[in-house]
Structures are given as C-alpha cells and as structure tokens.
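What you are looking at is a predicted structure, and each value in this text was computed from that prediction instead of being measured. Reminder, nothing fancy here: chain letters follow the sequence lines and each chain counts from 1.
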2 protein chains.
Amino acid sequence: MHQVHPALRQPITAADRVLQEIQRAIVEGDIAAGSKISEPELARRFDLSRAPLREALARLERCHLIERIPNAGARVVTLSTAGLLALYQLRENLEGLACKLAAEHMTDAEITEVRQLLDQHLSSQRVREGESYYQEAGDLDFHYRVILGSKNSYLINILCDELYFLVRMYRVQLGMNGPRVSRAFDEHKAIINAIANRDGELADLLMRRHIAASRRNIELQLQQMGT
Amino acid sequence: MHQVHPALRQPITAADRVLQEIQRAIVEGDIAAGSKISEPELARRFDLSRAPLREALARLERCHLIERIPNAGARVVTLSTAGLLALYQLRENLEGLACKLAAEHMTDAEITEVRQLLDQHLSSQRVREGESYYQEAGDLDFHYRVILGSKNSYLINILCDELYFLVRMYRVQLGMNGPRVSRAFDEHKAIINAIANRDGELADLLMRRHIAASRRNIELQLQQMGT
DNA sequence: AAGCGCCAGATTGTCGACAATGTGCGCCTA
DNA sequence: TAGGCGCACATTGTCGACAATCTGGCGCTT
C-alpha cells in the first residue's frame with residue numbers, strides 16, 4: 001500500500017472533525033460567504049469547547065476559507081472575480097509545474113492507475129450525462145493524482161491542503177454543471193499521455209490550457225450571473 | 001502611505017510575540033533542526049500558558065518550520081538536500097510568476113522605490129564587502145518588493161508568509177556568505193529593468209535564473225560540508 | 001441638532017486544571 | 001537471556017472560567 005497523504009487521513013481529534021464539518025459547510029454555502037464567524041455560536045452548534053474550535057479556525061484560515069483579524073473575529077471569505085482570477089493564475093502555474101515534475105517522477109504503475117481512473121470516470125460519466133457532482137469529484141481526483149505524482153511535498157501541500165477547498169468553493173457556489181464535462185475528459189487524457197511519454201514540457205502546457213479553459217468557463221458563469 | 005502587509009504588522013497578541021521569537025530561534029538554529037518541541041517546556045521558557053503557544057505552533061506548522069503529529073507532538077523540520085531542491089523548484093516557478101505579474105501590475109512609483117532600494121544596498125554593500133547579513137536582508141527585501149508588486153494575494157501569502165522563513169533557515173544554517181553577493185545585485189538590477197520595461201516574459205526568465213543560481217550556490221555549500 | 005466621549009454588552013485572548021493518548025521502563029515468561 | 005506484556009509517567013487534547021479588547025448606543029456639550 002502507498003502512504004496516505006496527511007490531508008486525507010481520517011479525523012482523529014475533535015478539532016479535525018469540526019474542521020471537516022465547517023469546511024464542508026463553507027464550501028457548500030451552508031455558512032454564507034462573507035458572514036461573520038462567532039466562536040461561541042459554533043461551539044454550541046458543534047457541542048464542544050472553544051479550544052478545538054479555534055484550532056479548526058486556524059486551519060480554515062490556512063486554506064483561505066476564512067479571514068481573521070486579531071480581537072475582532074473571523075469572517076468567511078467573499079468570492080469575487082478578482083479573487084477567482086488570482087487563484088487561477090496561481091493554479092495554472094502550480095499545476096503546470098506539478099505536471100512537469102510528474103512527468104519526471106511518476107512511476108509507470110502510478111500512471112497506469114490514473115489511466116484506469118479516467119476510464120472508470122468516462123464510463124460512469126457517459127451514463128449520467130448531466131450529473132456534475134461525479135464529474136467534479138473525478139476531476140479533483142485526477143488533479144490530485146497528478147499533483148501527488150510531482151513528489152514535491154511543498155507543492156502537494158499548497159495545492160491539496162491550501163488551495164483546493166477554495167477552488168471547490170468557487171465551483172460549487174457558482175454551480176459548475178456546463179457542457180465542459182466531456183471536453184475536460186479529453187484534456188485529462190491528453191495530459192496523462194504526455195506524462196506517460198515523459199514529455200514534461202507538453203504536460204505543463206496542456207495542464208495550463210486545461211485550467212485556463214476551466215477558468216474561462218467559470219468567468220462566463222459569473223458574467224451571466226452579473227447580467 | 002502604502003498598506004502594510006499582514007505578515008509585517010507588529011505583534012499585538014502574546015501568541016504573535018512568542019511566534020516571532022520561536023521563528024527566529026528556529027531559523028537561526030537556537031532550537032536545533034530535528035529536535036522535539038515540548039509544549040510545557042516552551043511555555044515555561046516564554047512564561048505564558050499553552051493556549052497562545054499552541055496558536056504559535058499552528059502558525060509555525062503553516063510556514064513549514066515544524067511538523068506536528070496528533071497526540072505525539074511537534075518536531076523542528078530537518079534540513080535535507082531533497083527538501084532544499086523541492087523548495088527551490090517551487091520558488092523558481094512562483095517568483096518567476098511574481099515577476100511576470102509585477103511587470104503588469106507594479107506602478108512606476110513602486111518601481112522607482114525598488115531602484116532606490118537597490119542603489120542604497122549597492123553603496124552600503126560596497127562598503128562592507130564581506131558582511132553577509134546586510135546582503136541577505138537586502139536580497140529578501142528586493143524579493144519581497146517584487147512579490148508584493150504582483151498584487152496577487154495568494155501568491156504573496158505563500159511566498160512571504162509560508163516559504164520565506166524556510167528559505168532563510170536554509171541560508172542561515174548553511175552560512176551563505178560566498179562571493180555571489182555582487183553578482184546577485186547585478187541580477188536584481190536586470191530584473192527590475194525588465195519589469196520597468198513591462199517585459200514580463202524576460203523578468204520571469206531572469207528571476208528563474210537568479211534563483212537557480214542561488215540554489216546551485218547553496219548546493220555547492222552543502223556538498224562541501226558533506227565532504 | 002450634530003458630534004464627541006463614555007458606558008454596557010458581547011466577543012476574543014489567555015489561563016490553569018482535567019481527560020485521553022502515547023512512551024519507556026521493568027517484570028514475567030519461555 | 002531475549003522477547004512480549006503491563007504499568008507508571010509524561011505529553012497532548014479538551015474544558016470552563018477570567019481578563020483584555022472591541023462594538024454599539026446613550027447622554028452630554030457646543
């Protein structure tokens with residue numbers, strides 16, 4: 001068996017559990033973007049003391065889901081076009097780098113696994129055409145695999161632990177369910193092919209384009225909501 | 001006056017103060033790399049309770065200076081060639097991106113300020129030829145300015161808050177004081193020129209080379225220590 | 001009536017103690 | 001004597017209460 005990434009380990013402590021719950025609540029909008037976080041209220045709601053709650057809040061700040069000001073409390077981040085742009089600028093670069101490194105460091109076995117994963121997603125996606133949740137989970141899964149394949153712990157930490165919840169938040173709250181689903185699969189396929197060919201430069205390029213396309217898709221969504 | 005970056009704000013709370021002290025202690029090696037962190041001991045040493053101390057530890061984990069395992073405690077990170085390589089791989093990309101964005105977003109006034117900063121460093125460096133501390137501080141200052149010039153808050157956060165203490169730790173503990181000082185200044189000059197010309201592509205390239213050169217320099221140092 | 005300062009309520013930061021978990025030594029067994 | 005089990009100790013996780021700080025509204029002054 002391969003080593004499980006720290007971020008994926010099952011919750012052990014109370015702080016871990018409440019962290020996951022609040023993370024989900026924020027990402028899915030149960031706790032509204034921009035709203036104030038009250039420590040006493042959350043403590044009552046999840047039936048624990050403020051100590052583990054504050055631990056959880058510290059980690060939420062780490063993945064940019066909340067912003068804290070000393071002596072003034074925490075607020076859920078507000079989504080904005082500027083924020084989305086900044087986030088995706090970073091993702092294009094970082095995941096491009098991840099691809100380049102994955103082309104150097106992934107084992108043949110790992111590449112085979114990812115290909116099997118894609119085939120699996122493809123078949124299940126063909127069946128449930130409009131369903132966006134599976135696609136999204138699958139998309140994240142693909143990206144996760146590639147990022148882990150880079151074997152760069154700092155890069156893995158930044159992308160998987162710190163940025164991905166925010167990416168998911170934008171996706172979920174803007175309701176990504178467009179016709180990009182099948183296109184994305186082809187792009188994933190091309191990327192893993194480049195990695196399998198050990199062509200890091202191409203994999204980098206393809207991933208940057210893939211994310212840029214995804215960004216344009218979301219921007220379009222935002223624009224439509226604005227009008 | 002320009003807005004002060006959150007990371008640079010003066011300490012308000014007890015957790016902030018102890019964080020800065022421990023950060024310095026780890027970076028400068030007062031607390032040895034790889035050693036275990038004892039919460040009760042540090043609490044006594046800094047004369048405060050464990051609550052703010054744990055807050056500080058959470059932030060130390062955030063900037064990769066310590067590693068925590070639930071119910072088992074925290075250890076100072078151990079420096080390694082692999083870790084150094086991973087860190088600099090990331091820096092090359094991220095700071096390259098920062099340069100590209102800075103070329104797009106820095107104001108003429110900000111560029112002028114950075115140039116004045118460089119002239120200032122050059123003159124004071126000419127005077128104290130071998131002194132490495134000023135050079136290092138100046139180098140970090142230059143990089144900070146460029147990063148802030150990118151105007152991408154996520155990028156700024158990752159580089160200034162999460163990675164730079166680690167970079168400093170490698171530099172300090174490996175005793176960077178070689179003859180690269182004057183070369184580095186020329187490279188800085190070339191980078192800010194490219195930014196001033198709004199040539200993002202060139203600025204990106206030059207910064208990547210600058211950091212790659214710095215990395216090779218440190219690797220050399222490591223190699224010498226190994227023999 | 002508008003603006004400033006002050007007070008009350010609520011919230012965050014900090015503390016010391018208790019509960020849960022992990023660690024290392026000594027003892028017993030084979 | 002080597003290996004495994006169990007207990008005592010130390011450390012981390014959690015709790016409830018107190019202190020410091022911020023927010024909003026009232027009354028006073030001009």
Side-chain angles (χ1 to χ4, degrees), chain A residues 3-4 6-23 25-26 31-32 34-78 161, chain B residues 3-4 6-7 9-23 25-26 31-78 161:
Chain A
Q3 175 80 11
V4 176
L8 302 176
R9 76 173 193 279
Q10 65 186 355
I12 304 289
T13 171
D16 282 318
R17 279 192 296 275
V18 69
L19 169 64
Q20 292 210 347
E21 290 202 54
I22 300 179
Q23 250 175 358
I26 291 179
I31 301 178
S35 63
K36 184 161 183 352
I37 297 268
S38 164
E39 292 184 8
E41 183 200 325
L42 281 185
R44 279 192 301 274
R45 181 163 157 187
F46 293 104
D47 194 43
L48 41 70
S49 94
R50 283 174 51 219
L53 183 67
R54 286 171 65 86
E55 171 81 26
L57 291 184
R59 297 194 212 167
L60 286 173
E61 185 180 24
R62 181 171 168 171
C63 53
H64 307 276
L65 291 182
I66 67 171
E67 287 166 355
R68 296 173 94 185
I69 299 172
N71 290 318
R75 307 193 76 86
V76 179
V77 293
T78 58
D161 299 346
Chain B
Q3 176 80 10
V4 175
R9 76 174 193 276
Q10 65 186 357
I12 303 289
T13 171
D16 282 318
R17 279 192 297 274
V18 70
L19 169 65
Q20 292 212 346
E21 290 202 55
I22 300 179
Q23 251 175 357
I26 291 179
I31 300 177
S35 63
K36 184 163 184 348
I37 296 268
S38 163
E39 293 184 7
E41 183 199 326
L42 282 184
R44 281 192 300 273
R45 181 162 156 188
F46 292 105
D47 194 43
L48 41 70
S49 95
R50 282 174 51 220
L53 183 67
R54 285 171 65 86
E55 170 81 26
L57 291 184
R59 297 194 212 168
L60 285 173
E61 186 180 24
R62 182 171 169 172
C63 55
H64 307 275
L65 290 182
I66 67 172
E67 287 166 355
R68 297 173 94 183
I69 300 172
N71 289 320
R75 305 195 77 86
V76 178
V77 294
T78 57
D161 299 346

Whole-Å distance between [N] [atom2] and [X] [atom1]?
{"X": "R44(A)", "N": "dG16(D)", "atom1": "CZ", "atom2": "P", "result": "13 Å"}
{"X": "E39(B)", "N": "dT14(D)", "atom1": "CD", "atom2": "P", "result": "12 Å"}
{"X": "R75(B)", "N": "dT11(D)", "atom1": "CZ", "atom2": "P", "result": "13 Å"}
{"X": "E41(A)", "N": "dT12(C)", "atom1": "CD", "atom2": "P", "result": "10 Å"}
{"X": "I12(B)", "N": "dT21(D)", "atom1": "CD1", "atom2": "P", "result": "10 Å"}
{"X": "R68(B)", "N": "dT21(C)", "atom1": "CZ", "atom2": "C1'", "result": "15 Å"}
{"X": "D16(A)", "N": "dG13(D)", "atom1": "CG", "atom2": "P", "result": "10 Å"}
{"X": "E55(A)", "N": "dG13(C)", "atom1": "CD", "atom2": "C1'", "result": "16 Å"}

Nearest to the side chain of [X], which nucleotide is it out of [options]?
{"X": "L48(B)", "options": "dG13(C), dC15(C), dT21(C)", "value": "dC15(C)"}
{"X": "S38(B)", "options": "dT11(D), dC15(D), dG13(D)", "value": "dT11(D)"}
{"X": "A14(B)", "options": "dT14(C), dC15(D), dG13(D)", "value": "dT14(C)"}

Report yes if a side-chain nitrogen or oxygen of [X] is closer than 4.0 Å to either non-bridging phosphate oxygen (OP1 or OP2) of [N]; otherwise report no.
{"X": "R50(A)", "N": "dG16(D)", "value": "no"}
{"X": "T13(B)", "N": "dT14(C)", "value": "yes"}
{"X": "R54(B)", "N": "dT12(D)", "value": "no"}
{"X": "K36(A)", "N": "dA10(C)", "value": "no"}

*May I ask you to say what L53(A) touches in the nucleic acid, namely base, sugar-phosphate or nothing, with a heavy-atom cut-off under 4.0 Å?*
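It contacts nothing in the nucleic acid.
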*asked:* What contact category does I37(A) fall into here, base, sugar-phosphate, or nothing, at under 4.0 angstrom with non-hydrogen atoms?
replied: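 If one applies the 4.0 Å heavy-atom cut-off, I37(A) turns out to touch the sugar-phosphate alone, with no base involved.
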*Single hit among L60(B), V77(B), V76(B) for side-chain contact (heavy atoms from CB on, under 4.5 Å) with E67(B)*: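 With E67(B) as partner, side-chain contact (heavy atoms from CB on, under 4.5 Å) holds for just one option, V77(B).
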_Note, R68(A) side chain near R54(A) side chain (heavy atom, < 4.5 Å)_ =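 In short, these two side chains touch, coming nearer than 4.5 Å.
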*List the steps, then state whether salt bridge (charged side-chain N to carboxylate O under 4.0 Å, His left out) holds for E55(B) with R59(B).*
CA-CA 7 Å; E55(B) 170 81 26; R59(B) 297 194 212 168; 3.2 Å; yes
*If you take all heavy atoms of A74(B) and I66(B), which pair is closest and at what distance?*
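For A74(B) and I66(B), the tightest heavy-atom pair comes out as CB-CD1, 4.0 Å.
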_Between N71(A) and S49(A), which residue's closest nucleotide on DNA chain D lies nearer the 5′ terminus?_
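Its nucleotide being nearer the 5' end, the pick is S49(A).
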*Roughly how far apart are R45(B) CZ and I31(B) CD1, rounded to 0.5 Å?*
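These two atoms lie 5.0 Å from each other.
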